[in-house]
2 protein chains.
Amino acid sequence: MITQKMKYALKALLVLADEAVKPAPEALTIEAIAKRSDSPKRFLEHILLELRNAQVVTSTRGRAGGYSLRMAPADISISEMLRLIDGPIAPLACLSRRAYQRCDDCTDEATCRIRKVFAEVFWSYLLIIDSLTLADMLRSGEVADQVIGKM
Amino acid sequence: MITQKMKYALKALLVLADEAVKPAPEALTIEAIAKRSDSPKRFLEHILLELRNAQVVTSTRGRAGGYSLRMAPADISISEMLRLIDGPIAPLACLSRRAYQRCDDCTDEATCRIRKVFAEVFWSYLLIIDSLTLADMLRSGEVADQVIGKM
DNA sequence: TAAATGTCTATAGTTTTTATCGTGTATAAA
DNA sequence: TTTATACACGATAAAAACTATAGACATTTA
């Protein structure tokens, strides 16, 4: 399950992306983003700060300040946002490349049957999620419609 | 990330499965399973109880009592175990069939862009994980080896 | 300089995770 | 029938993660 924080982050990014495609895009204040995304303002503040530190959005201070996208939606990877906000996406720490951690009790990683089976799953999962960007969320998503229909 | 509890559950199931294929399988006590799987005994107790209530394992009380697999490894689905121990595996509650919950702030599920993109990912993910069973973990896992090699 | 706005650190309530403990119940052997 | 062994089940609790909120400060522009 993705966290509420991640939902707020994605909603905020969608608000910023929607603004970015307008003829005369303006920087949006935290307050405005909070309102449009229906997120708690003071919480969103922290989220936007993280996105800013990750170079995903830019901010300008003072009067008429606010936030706007820094990267093109097609360059904002969903999996990167997940890693940034929710932490590692690997099912096991010992399968994460960036947040690798050996299991305390692990005697032999190479033969661990739990690791093996989840490596298999994770590999396929990464292939999919690593290919998704904010741009895919902006499109109306015909594929997703079909998927939901099947479920 | 799967929880520590789920790791213990899988380890315990592997211990029970390894016992089940022996020429003269015996019921294993919680203590024995805890030792072989390197899990905290009193915690494992609750996990085994859940597995028992889910008809995955059987238990016999009293002297010479203990636990053993009730289902064949090929019939023990990894994703079902995940659902049992860790809860819903859908990335969003509104995408879970068994633990469906509408988002508090959701105005229109059909057009929610977050839901759509994760539905797409989840659909593919389910396809993979739903096909895996404990039997796949028992096999040495040549496919997984290749996967890990690529990572 | 005043008003608007972002920055940053601290704090705190709630929930989830990860256990542990005590006691009760069932079984089989002595 | 007693006793040893083992599972059953509910209560409790420490630690971590999640979800915020608050206050003080810095920056910009009118």
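Chain A is the first sequence line, chain B the second, and so forth, proteins listed ahead of strands; every chain is numbered from 1.
- Listed by residue number, Leu28(A), Thr29(A), Ile30(A) are the residues of residues 22-30 of chain A with a heavy-atom contact under 4.0 Å to DNA chain C.
- Residue Tyr67(A) places at least one side-chain N or O closer than 4.0 Å to OP1 or OP2 of dT7(C).
- The list of salt bridge (charged side-chain N to carboxylate O under 4.0 Å, His left out) pairs with a residue in residues 6-25 of chain A, not counting sequence neighbours, reads Lys11(A)-Asp105(B), Asp18(A)-Arg113(B), Glu19(A)-Lys22(A), Glu19(A)-Arg36(A).
- Near DNA chain C, meaning a heavy atom under 4.0 Å away, the residues from residues 35-42 of chain B are Pro40(B), Arg42(B).
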Stepwise side chain to side chain contact (heavy atoms under 4.5 Å, CB included) test for Ile89(B) and Ser79(B)
CA-CA 8 Å; Ile89(B) 56 180; Ser79(B) 62; 4.2 Å; yes

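- Here the C1' atom of nucleotide dA6(D) and the CG atom of Leu48(B) are 13 Å apart, to the nearest Å.
- Arg83(B) has a carboxylate O that lies under 4.0 Å from a charged side-chain N of Asp130(B), or vice versa, which qualifies the two as a salt bridge.
- Of the charged side-chain nitrogens involved, none lies within less than 4.0 Å of a carboxylate oxygen, so that Glu120(A) and Arg115(A) do not count as a salt-bridged pair.
- Applying the salt bridge (charged side-chain N to carboxylate O under 4.0 Å, His left out) test to every pair with at least one member in residues 48-66 of chain B, sequence neighbours left out, gives these pairs: Lys5(B)-Glu50(B).
- A straight line from CE of Met6(B) to P of dA19(C) spans 16 Å, rounded to a whole angstrom.
- dC7(D) atom P lies 11 Å from atom CG of Leu16(B), rounded to whole Å.
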Walk me through it: do Tyr67(A) and Thr29(A) pass the test side chain to side chain contact (heavy atoms under 4.5 Å, CB included)?
CA-CA 6 Å; Tyr67(A) 280 91; Thr29(A) 66; over 6 Å; no

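- Recorded end-axis angle for the helix from dT1(C)-dA30(D) to dA30(C)-dT1(D) stands at 0°, based on five pairs per end and rounded to 10 degrees.
- The phosphate of dA19(C) has OP1 or OP2 within less than 4.0 Å of a side-chain N or O from Tyr8(B).
- Rounded to an integer number of Å, the gap from Leu49(B) CG to dA8(D) P is 6 Å.
- One atom, CE of Met1(B), and another, P of dT18(C), lie 12 Å apart when rounded to the nearest Å.
- Both Glu45(B) and Phe43(A) lie near DNA chain D, and the one whose nearest nucleotide falls closer to the 5' end is Glu45(B).
- For Asp75(A), there are no side chain to side chain donor-acceptor pair (under 3.5 Å) partners, not counting sequence neighbours.
- When distances are taken from the side chain of His46(B) to each of dT7(C), dC21(C), dC7(D), the shortest belongs to dC21(C).
- Contacts of Glu31(B) with the nucleic acid, taken as non-hydrogen atoms under 4.0 Å apart, are absent.
- Between Arg52(A) and the phosphate of dG6(C), there is no side-chain N or O to OP1/OP2 separation shorter than 4.0 Å.
- At whole-Å resolution of the value, CD in Glu50(B) and P in dG10(D) are 12 Å apart.
- Between Val56(B) and Met81(B) there is a side-chain heavy-atom pair separated by less than 4.5 Å.
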In sequence, state the C-alpha distance, the side-chain angles, and the governing distance for Phe118(A) and Leu92(A), and then conclude on side chain to side chain contact (heavy atoms under 4.5 Å, CB included).
CA-CA 8 Å; Phe118(A) 279 103; Leu92(A) 298 167; 4.0 Å; yes

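- Follow the hydrophobic side-chain contacts under 4.5 Å out from Ile128(B) and you reach Ile76(B) in the same cluster.
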Apply side chain to side chain contact (heavy atoms under 4.5 Å, CB included) to the pair Ser68(B) and Val57(B), showing each step before the final yes or no.
CA-CA 6 Å; Ser68(B) 43; Val57(B) 301; over 6 Å; no

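- Phosphate proximity of dT27(D) to Thr60(A): absent, as no side-chain N or O sits under 4.0 Å from OP1 or OP2.
- Using a 4.0 Å cut-off between a side-chain N of Lys or Arg and a carboxylate O of Asp or Glu, Arg42(B) and Glu31(B) do not qualify as a salt bridge.
- Here dA19(C) is the nucleotide among dT7(C), dA4(C), dA19(C) with the atom lying nearest to any side-chain atom of Gln4(B).
- Distance from the side chain of Arg63(B) is smallest to dT5(D) among dT21(D), dT5(D), dC18(D).
- Nearer the 5' end of DNA chain C, as judged by each residue's closest nucleotide, is the contact made by Ala64(A), out of Ala64(A) and Asn53(A).
- At whole-Å resolution of the value, CD1 in Ile33(B) and P in dA6(D) are 12 Å apart.
- No more than 12 heavy atoms of other residues, nucleotides or ligands lie within 6.0 Å of CG in Asp104(A), so this atom counts as exposed by the packing criterion.
- One can place CG of Asp104(A) at 12 Å from P of dT18(C), the figure rounded to the nearest angstrom.
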